[in-house]
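Single-structure report; data block below.
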Amino acid sequence: TLKLRQVSAVTFSPDSKWIVGASLSGAAQMWETETLAPVAQFPGFLQMIASVAFSPDGKRLLTSSAGKETIKLWDVESRQELLTLESHGSWFHPSAFSPDGNVLGSRSASLIPTFAPGVVHLWRAPSWKEIE
């Protein structure tokens, strides 16, 4: 049994090799699906992680939170943080890559949905060359 407390989101990689769970405590954990062995953690948020998503090619992982640390992109192979995208909002969920992997999208809304219906935020996903 996999355990991650205060789970806010779960996703599988496109090839089903990995599963990532996100936590309200501000970290994400990745496991190998075949063995259920933990293989990586993705820390670095002061607040909760609201959602997680793999790029269509499975090479990048997106984690989303709130405020100045809205979106973090991670290299799945090296488990290194590639960049942080900032925005304004209190809860970025759900977040996703476009099918071609070139655009990131997320909805921000108040933690209490009756106060804010939500706003869509879009970013052009940086290429590997731009990240380098």
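None of these values were measured; they are calculated from a predicted model.
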Checklist entry - Q41: what forms a side-chain contact (heavy atoms from CB on, under 4.5 Å) with it, not counting sequence neighbours? => result Q29
Item to check | Interatomic distance, D57 atom CG to D15 atom CG [nearest 0.5 angstrom] | outcome: 10.0 Å
Item to check | Nearest-0.5 Å distance that lies between atom CG in L73 and atom OG1 in T84 | outcome: 8.5 Å
Checklist entry - To the nearest 0.5 Å, how far apart are CZ in R124 and CG in L104? => result 10.0 Å
Checklist outcome for this item: Contacts of D100 meeting side-chain hydrogen bond (donor to acceptor under 3.5 Å, both in side chains) (sequence neighbours excluded), chain-then-number -> S98, N102
Next on the checklist: How long is the straight-line distance from CD1 of I71 back to OG of S51, given to the nearest 0.5 Å?
Outcome noted: 6.5 Å
Checklist entry - Under 3.5 Å, side chain of R60 to main-chain N/O of G58, donor-acceptor pair present? => result no
Checklist outcome for this item: Between P99 and P56 the two heavy atoms that sit nearest each other are O-CG, 3.2 Å
Item to check | Side chains of F42 and K72 in contact at under 4.5 Å (non-hydrogen atoms) | outcome: no
Checklist outcome for this item: Taking every heavy atom of A27 against every heavy atom of I49, the minimum-distance pair comes out as C-CD1, 3.3 Å
Item to check | Steps toward side-chain contact (heavy atoms from CB on, under 4.5 Å) verdict (W31, V39) | outcome: CA-CA 5 Å; W31 295 269; V39 294; 5.8 Å; no
Checklist entry - Mind checking what makes side-chain hydrogen bond (donor to acceptor under 3.5 Å, both in side chains) contact with T11, not counting sequence neighbours? => result none
Checklist outcome for this item: Closest non-hydrogen atoms of T63 and A28, given as atom of the first, atom of the second and distance, are CG2-CB, 4.4 Å
Checklist entry - How long is the span from the CG atom in L62 to the CG atom in L82, to the nearest 0.5 Å? => result 11.0 Å
Checklist outcome for this item: d(F54 CZ, L61 CG) to nearest 0.5 Å is 5.0 Å
Checklist entry - Among all residues two or more places apart in sequence or in another chain, which pass the side-chain hydrogen bond (donor to acceptor under 3.5 Å, both in side chains) test with T33? => result none
Checklist entry - Is there side-chain contact between W74 and Q80, with heavy atoms separated by less than 4.5 Å? => result no
Checklist outcome for this item: Contacts of S16 meeting side-chain hydrogen bond (donor to acceptor under 3.5 Å, both in side chains) (sequence neighbours excluded), chain-then-number -> none
